[in-house]
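For reference, the structure discussed in these notes is given below.
Values below: every heavy atom of this structure, side chains too, minus hydrogens, waters and symmetry copies. What you are looking at is a predicted structure, and each value in this text was computed from that prediction instead of being measured. We name chains A, B, ... by the order of the sequence lines, and we start the count at 1 in each one.
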Amino acid sequence: MRQSEYFIPTLKELASETQIPSHQMLLRAGMVRQIGAGIFSFLPLGYKVVKKIMEILREEIDGIGGQEFLLPALNPIEIWEQTNRVEAMGDVMFHIKNRDGLVLAPTHEEIITVHARQHVKSYRDMPQIWYQIQTKFRNEPRPKSGILRGRQFIMKDSYSLDSSFEALDISYDKHFEAYKRIFDRCGLEYFIVGASSGAMGGRQSQEFMVESDAGEDVCAVCDCGYAANTEVATSDVGTVGRAFEGEAMEEFATPNAKTINDLKEQFELPEDRLAKSVVYMIDSKPVLILMRGNDELNEAKLESVFGTNNLRPADTDELPEITGANAGSIGPVNLKTKIQIVADNRLLDAGGMVSGANKDGFHFKNIDFKRDCKIDAYHDLRSVVPGEKCSKCGEPLRVVKAIELGHIFKLGTKYSEALGATFLNSEGKENPIVMGSYGIGVERVLACFIEHNYDDNGIVWNKALSPYHVHLIGLNIQKFENLKEGCEKIYNELSALGFEVLYDDRNESPGVKFNDADLLGLPLQLVVGKKSFENGNVELKNRATGERDIVPVEELVAKVQEYFAD
RNA sequence: CGGGGUGUGGCGCAGUCCGGUAGCGUACCUGGUUUGGGACCAGGUGGUCGGAGGUUCAAAUCCUCUCGCCCCGACCA
């Protein structure tokens with residue numbers, strides 16, 4: 001491709017509002033432009049990389065037996081009502097205003113299930129892996145971070161159809177391995193975490209994450225290989241155990257103690273002896289939640305325990321009606337109304353605890369959870385804190401921000417049951433199809449790669465994702481006919497051998513060309529300039545290392561072939 | 001949805017507090033000189049200052065409403 005004819009609007013300056021490196025690089029390198037909040041156009045160079053990513057996705061999903069579909073973004077709302085996801089999606093789903101009954105699909109389990117219902121009627125028809133690479137629409141409340149969170153984005157989504165849960169395990173494992181190959185080929189440093197399946201439903205899910213400050217997920221990771229989204233992460237913190245065995249529960253005045261820290265300071269109490277109470281409205285019913293000391297309640301874990309995302313902290317004016325006290329004096333004993341009480345595992349069968357007396361300004365001490373109150377259930381409800389011991393190996397955990405690149409789910413039969421997608425098994429018995437779903441955000445692959453591969457001068461592509469293989473840079477070719485001829489010859493030779501060559505034949509000064517070349521970041525730059533070319537040489541620069549080789553023209557092709565050999 | 005910020009030639013910004021000829025850099029056009037790390041000189045094109053309404057002799061500037069965008073939070077497959 002001749003750069004003089006190619007639309008690559010590189011930028012010297014950026015609006016100060018662009019924050020994250022991948023966004024800045026994509027704009028500066030003329031790869032994307034923004035149209036609205038969370039809405040982007042890919043320009044030719046950016047789309048070239050997108051296509052490279054999509055090609056890798058196709059090869060690997062085809063490789064596990066995937067068959068590529070192209071499903072409609074416009075969906076009848078009925079099928080979403082049948083799976084109860086119109087409500088579950090809420091505002092995230094775009095609704096069409098001037099045509100009743102249509103929505104823009106934020107994902108495609110429903111459509112896939114409809115096709116399965118139509119045609120997959122026997123266990124002999126399975127397994128199937130169906131996939132597509134297609135645009136998703138999600139009305140994100142707050143798009144952000146450039147292309148990382150958009151209202152419209154490209155997703156590779158695949159779906160497996162199986163006749164049993166054992167067979168689903170196989171389809172799931174195939175995707176797990178394919179995903180590893182995909183991200184390896186893209187040159188991404190990622191880790192895999194167990195995750196909450198959230199509104200998708202289902203039994204098991206794992207996320208493929210890339211560590212990045214631009215990320216929105218938080219994960220606990222350990223050098224031993226343990227990694228989990230904090231939605232489900234656990235650590236080895238033990239239980240607070242029992243103290244003051246046999247001593248009677250006793251009320252005491254705590255007029256100025258509203259928080260755990262107040263209690264710690266004013267009464268010199270260790271955190272292990274303090275139980276914090278939080279009241280949540282879960283499916284509109286109040287539930288008292290007990291946490292040890294300042295341990296943070298993790299709402300994702302709470303959602304998963306109660307199997308609903310319809311929960312919120314109780315309002316301050318609801319608290320006295322429910323408990324008899326205001327925030328700061330609430331506890332599990334003497335509650336004004338009888339409500340469900342759940343406690344974090346760390347408080348299991350705890351004794352000698354201090355907690356609110358449900359009377360403003362008073363607490364109880366020596367509360368025995370076995371003797372003085374009824375804890376309905378113990379669950380892991382707390383958020384992991386950095387430095388806590390890994391529950392696998394005991395080493396300190398790190399807690400890092402990460403970008404979710406891909407997510408794989410064992411859906412089970414949620415969708416097939418809701419939509420009546422059944423098959424006959426070998427005994428002639430009707431069963432719901434067992435499904436899995438597997439997604440990769442294409443823009444996120446792009447952004448994650450750049451987040452980890454750039455420097456002050458621009459992007460540093462690898463061979464797999466680089467929009468072109470080599471950047472041929474002709475200096476002053478308008479002035480020196482022999483340089484131009486040399487460039488044309490190299491351009492034609494390399495192109496004929498199948499290399500994708502970006503040829504900078506523009507009438508620009510050398511400085512402009514060098515800067516643009518570093519900004520675009522193709523792995524190999526071939527510089528044809530007067531000095532070296534008159535001695536029969538071309539300069540070959542490695543973008544990643546900055547190394548420069550002076551290579552005789554006749555050896556150039558071999559050198560390039562060698563570089564791209566593996 | 002709550003909080004903060006912002007909107008001025010294609011792009012990046014100043015000017016707004018304190019009303020009075022719309023400015024700088026860059027890009028672009030013409031001519032000339034230059035050419036290994038974002039060249040120089042000279043001349044030139046281009047903006048109803050996000051939109052609507054109001055105050056005023058006079059509004060980018062003051063007031064009211066409104067829209068867009070960015071950041072933090074809430075939310076999030």
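Look at B:A39: its Watson-Crick or wobble partner, with both distances under 3.5 angstrom, is B:U33. B:G46 is unpaired under the Watson-Crick or G-U wobble criterion, no partner having all donor-acceptor distances under 3.5 Å. The nucleotide B:G12 finds its pairing partner in B:C24, both defining distances of the Watson-Crick or G-U wobble pair being shorter than 3.5 Å. B:C1 is paired with B:G73 under the Watson-Crick or G-U wobble criterion, all donor-acceptor distances under 3.5 Å. Of the nucleotides present, B:U64 is the one that pairs with B:A52 by Watson-Crick or G-U wobble criteria, both distances under 3.5 Å.
Rounded to whole angstrom, the span from the CZ atom of A:Arg142 across to the P atom of B:C72 amounts to 5 Å. At whole-Å resolution of the value, CZ in A:Phe7 and C1' in B:G10 are 11 Å apart. Between the CG atom of A:Asp213 and the P atom of B:C72 there is a distance of 12 Å, given to the nearest Å. In this structure, the CD atom of A:Glu303 is 9 Å from the P atom of B:C75, given to the nearest Å. In this entry the distance linking CD1 of A:Ile39 with P of B:G68 reads 11 Å, nearest Å. The CG-C1' distance, from A:Leu148 to B:C71, rounds to 15 Å in whole Å. Separating the CD atom of A:Glu17 from the C1' atom of B:G68 is a distance of 11 Å, rounded to the nearest angstrom. To the nearest angstrom, C1' of B:C76 lies 15 Å from CG of A:Asn298.
For B:C18 and B:A27, the C1' atoms lie 35 Å apart once the distance is rounded to whole Å. Comparing the P positions of B:C40 and B:G36 gives a spacing of 15 Å, expressed to the nearest Å. Rounded to the nearest Å, the gap between the P atom of B:G54 and that of B:G47 is 26 Å. Between the P atoms of B:A60 and B:G9, the separation comes to 14 Å (whole Å). Remark: the separation of the P atoms in B:A14 and B:U6 is 9 Å, to the nearest Å. Spacing of C1' atoms, B:G20 relative to B:U56, comes out at 12 Å, to the nearest Å. With both ends at atom P, the span from B:U34 to B:C41 equals 15 Å, rounded to whole Å. Rounded to a whole angstrom, the distance from the P atom of B:U45 to that of B:U30 is 15 Å.
Salt bridge status for A:Arg543 with A:Asp455: present, with a side-chain N to carboxylate O gap under 4.0 Å. A salt bridge is absent between A:Lys401 and A:Glu211; no separation between the charged side-chain nitrogens and carboxylate oxygens falls under 4.0 Å. Under 4.0 Å is where a charged nitrogen must lie from a carboxylate oxygen, and between A:Glu443 and A:Arg149 no such pair does. A:Asp518 and A:Lys541 are joined by a salt bridge, as a carboxylate oxygen and a charged side-chain nitrogen come within less than 4.0 angstrom of each other. Here A:Asp295 does not pair with A:Lys276 in a salt bridge; the nearest charged N to carboxylate O distance is not below 4.0 Å.
Between A:Phe449 and A:Trp461, the ring centre distance stays below 6.0 Å.
For the side chain to side chain donor-acceptor pair (under 3.5 Å) with A:Glu68, the lone residue among A:Lys156, A:Arg58, A:Gln134 that qualifies is A:Arg58. Each of A:Lys174, A:His175, A:His407 was checked for a side-chain contact (heavy atoms from CB on, under 4.5 Å) with A:Tyr438, and the lone residue meeting it is A:His175.
Contacts of A:Pro106 with the nucleic acid, taken as non-hydrogen atoms under 4.0 Å apart, include base atoms. Looking at heavy-atom distances under 4.0 Å, A:Glu299 makes contact with sugar-phosphate atoms alone, never a base. Nucleic acid contact for A:Glu13: base, since at least one base atom lies under 4.0 Å from a heavy atom of the residue.
Dashed line: the shortest gap from a side-chain N or O of A:Ser16 to OP1 or OP2 of B:C13 is under 4.0 Å. One finds no side-chain N or O of A:Arg33 lying less than 4.0 angstrom from the OP1 or OP2 phosphate oxygen of B:C11. The phosphate of B:C70 (OP1 or OP2) has a side-chain N or O of A:Gln34 nearer than 4.0 angstrom.
When distances run from any side-chain atom of A:Arg149 to the nucleotides B:A74, B:U35, B:C76, the shortest one goes to B:C76. Distance from the side chain of A:Ala37 is smallest to B:C70 among B:C76, B:C71, B:C70.
Cation-pi contact between A:Lys530 and A:Phe480: present, with separation from the ring centre below 6.0 Å and deviation from the ring axis of at most 45°.
Between A:Leu14 and A:Lys479, the residue whose closest nucleotide on RNA chain B is further toward the 5' end is A:Leu14.
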Please write out the pairs of protein N or O atoms and N or O atoms of nucleotides 36-46 of chain B separated by less than 3.5 Å, giving the distance to one decimal.
residue	atom	partner	partner atom	Å
B:G36	O6	A:Ser532	OG	3.1
B:G36	N1	A:Glu539	OE1	3.1
B:G36	N2	A:Glu539	OE1	2.6
B:G36	N2	A:Glu539	OE2	2.8
B:G37	O6	A:Arg548	NH1	3.4
B:G37	O6	A:Arg548	NH2	2.6
B:G37	N1	A:Asp518	OD2	3.1
B:G37	N2	A:Phe514	O	3.4
B:G37	N2	A:Asn515	OD1	3.4
B:G37	N2	A:Asp518	OD2	2.6
B:G38	O4'	A:Asn515	ND2	3.0
B:G38	N1	A:Asp516	OD1	3.4
B:G38	N2	A:Asp516	OD1	3.1
B:A39	OP2	A:Ser509	OG	3.4

